[in-house]
Asker: 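Below is one structure. I have some questions about it.
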There are 2 protein chains.
Amino acid sequence: MRREFKKKSNVLLIDDNYEHLVGIRELLNLEGTFDVVGIATNVTVGLNLIKKYQPDIVLLDMNMPDRDGLQGIIEIGKLGLDTKVLALSGYDDADLIFRAMKIGAKGYVLKTMASAQLIYAIEEVLSGKIYLPIALSSRFFEYFQQSFREESSKQDSDEENLLSYLTQREEEVLELLTQGVTYKGVASKLFISETTVKTHVNNIFQKLQVNDRTQAVLYAINNGFLTKKGVSALAR
Amino acid sequence: MRREFKKKSNVLLIDDNYEHLVGIRELLNLEGTFDVVGIATNVTVGLNLIKKYQPDIVLLDMNMPDRDGLQGIIEIGKLGLDTKVLALSGYDDADLIFRAMKIGAKGYVLKTMASAQLIYAIEEVLSGKIYLPIALSSRFFEYFQQSFREESSKQDSDEENLLSYLTQREEEVLELLTQGVTYKGVASKLFISETTVKTHVNNIFQKLQVNDRTQAVLYAINNGFLTKKGVSALAR
DNA sequence: TACCCCATAGACCATGTGGTCTAAATCTTT
DNA sequence: AAAGATTTAGACCACATGGTCTATGGGGTA
């Protein structure tokens, strides 16, 4: 697992705290397997250095004043290089961890962590893996599941969800509405007359307590009408 | 970290492979800190046992014939108990891992893993944490990031996204359309005449290559019009 | 059997919506 | 200054949409 025979990996550091920046550079230089090809105290400068040196990995501080660290990840990603981003932060903020991972960070480490763990994280990321310390990955998953719980609790709560009052046929009609189909279109697809479709649609409006098709479609989308099909397809 | 002085934890096993079921039961009994309060070879029976014994944790096989393991997680969740679910599977299928975690599994372990690791996983989950073996968590994150990359690449690819051709004003109008507002409503909210709104709307249709407001709203939703505001709020 | 729900469908009408054309005022860019 | 884009707005028309009422036949239930 050692990499002493491999070519040194190019690392770039971005952190608005200069002390910290130099500290990490020293640490990595001592390690001997890394080449710190550049350091920057803000994202703008950092981006230019990345374009110039195309490092293997960037250690990017999340908590910076001018441009946000998250934005930094996005912009590095936009460069289209295969530079990997390891997010650095002083705080184990679940939301921040989640967002960073979501937009493509390959890892997230706390500044308070032991230097050995930082080295390990860098090596893992360099080898193509994704690295999250166990403590952070726990926080991540809690947040992750939470966000889906909120989503599905809105959808599931049968007492609140007006969609559950729809009949089979009305659901079929509504599904077509959510695809932007007109009365005529629905009529021909379901092999019924246009006036029948109108009747169904009007009943749908009553049940969903809306006044027009756009609002009906929006209600359906916001209340999990479409995902329900996903779930039943999932349950196949 | 030992739990020998704590009350034994109640465990329930669901797996269609009876051999395996018994094997795990023996393993857990030998360990001494667990009480296997029930075993079941299918989800339906398992659910009844869960209702009866309210175990602390359920080890649930993902790959079962009759009712799907994923569906099982959902239904256990619906019981409203604080029974935790540890997913068991023979395969490290990224999609399966992702879905299981998404719908609330507290962990996911492979059947091929060492028994010590299974014990550890159970203990971690029982202590309120979420446990994913490193190898699986890597797969999970790859899948996770992939799904967002697909989402945002559709949104970002400026050459394909017709939304980028909209003017400022047209975007404002479209935003109101995505809220189900009528011509009159838009007119009064933007302090312009109704005919002006119509002009804007018609231009929007042209640019988005659609024929009516519903389709325009659907296009907007499917192409990240709404999330753009989220992203810019995120970049603040 | 009587009752209710559901899917079907017609009639009628008011209004909302979409298509097209024209045009003026403002602002940007060359 | 000229050209172009944006925002504003009117007129006219065809048709889609939504509201309401009525009605029939099938299926299930008390």
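Every chain is numbered from 1, with letters handed out A, B, ... down the list of sequences. These values consider heavy atoms only, across backbone and side chains, with no hydrogens, waters or symmetry-generated copies.
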Asker: Are A/Ile14 and A/Ile39 side-chain neighbours, meaning at least one heavy-atom pair lies under 4.5 Å?
Answerer: no
Asker: How would you summarise protein contacts on nucleotides 4-10 of chain C per nucleotide, using B for base, S for sugar-phosphate only and - for none, with heavy-atom distances below 4.0 Å?
Answerer: --SSBBB
Asker: Could you give the NZ-to-P distance, from B/Lys198 to C/dT15, as a whole number of Å?
Answerer: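 Roughly 15 Å, once rounded to whole Å.
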Asker: Indicate the atoms forming the closest heavy-atom contact of A/Lys84 with A/Val125, along with that distance.
Answerer: CD-O, 3.2 Å
Asker: Whole angstroms only, please: what is the CZ-C1' distance between A/Arg213 and C/dT15?
Answerer: 15 Å
Asker: Considering residues, nucleotides and ligands other than A/Asp82, do more than 12 of their heavy atoms fall under 6.0 Å from its CG?
Answerer: no
Asker: Residues two or more places apart in sequence or in another chain: which of them pass side-chain hydrogen bond (donor to acceptor under 3.5 Å, both in side chains) with A/Thr178?
Answerer: none
Asker: Is the shortest heavy-atom distance from the side chain of A/Tyr219 to the side chain of A/Leu163 under 4.5 Å?
Answerer: yes
Asker: With a 4.0 Å cut-off on N to O distance, would you call B/Lys111 and B/Asp15 a salt bridge?
Answerer: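 A salt bridge links B/Lys111 with B/Asp15.
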Asker: Could you go through B/Arg169 and B/Glu172, starting from their C-alpha distance and side-chain angles, then the distance that decides it, and tell me whether this counts as salt bridge (charged side-chain N to carboxylate O under 4.0 Å, His left out)?
Answerer: CA-CA 5 Å; B/Arg169 202 54 161 171; B/Glu172 293 180 58; 3.1 Å; yes
Asker: Taking 4.0 Å as the cut-off, does a side-chain nitrogen or oxygen of B/Lys184 come that near to OP1 or OP2 on C/dG16?
Answerer: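 Indeed, a polar side-chain atom of B/Lys184 lies that close.
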Asker: Could you tell me how far apart B/Asp212 (CG) and C/dG19 (P) are, to the nearest whole angstrom?
Answerer: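 Nearest whole value for this atom pair: 8 Å.
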Asker: Is the B/Phe141-B/Phe98 ring centre distance short of 6.0 angstrom?
Answerer: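 That pair fails the under 6.0 Å test.
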Asker: For DNA chain D, which nucleotides open and close the run of contacts to chain A, 5' to 3', at under 4.0 angstrom from a non-hydrogen atom?
Answerer: D/dA16 to D/dT20
Asker: Find the distance A/Gln215:CD to C/dG16:P and express it as a whole number of Å.
Answerer: 13 Å
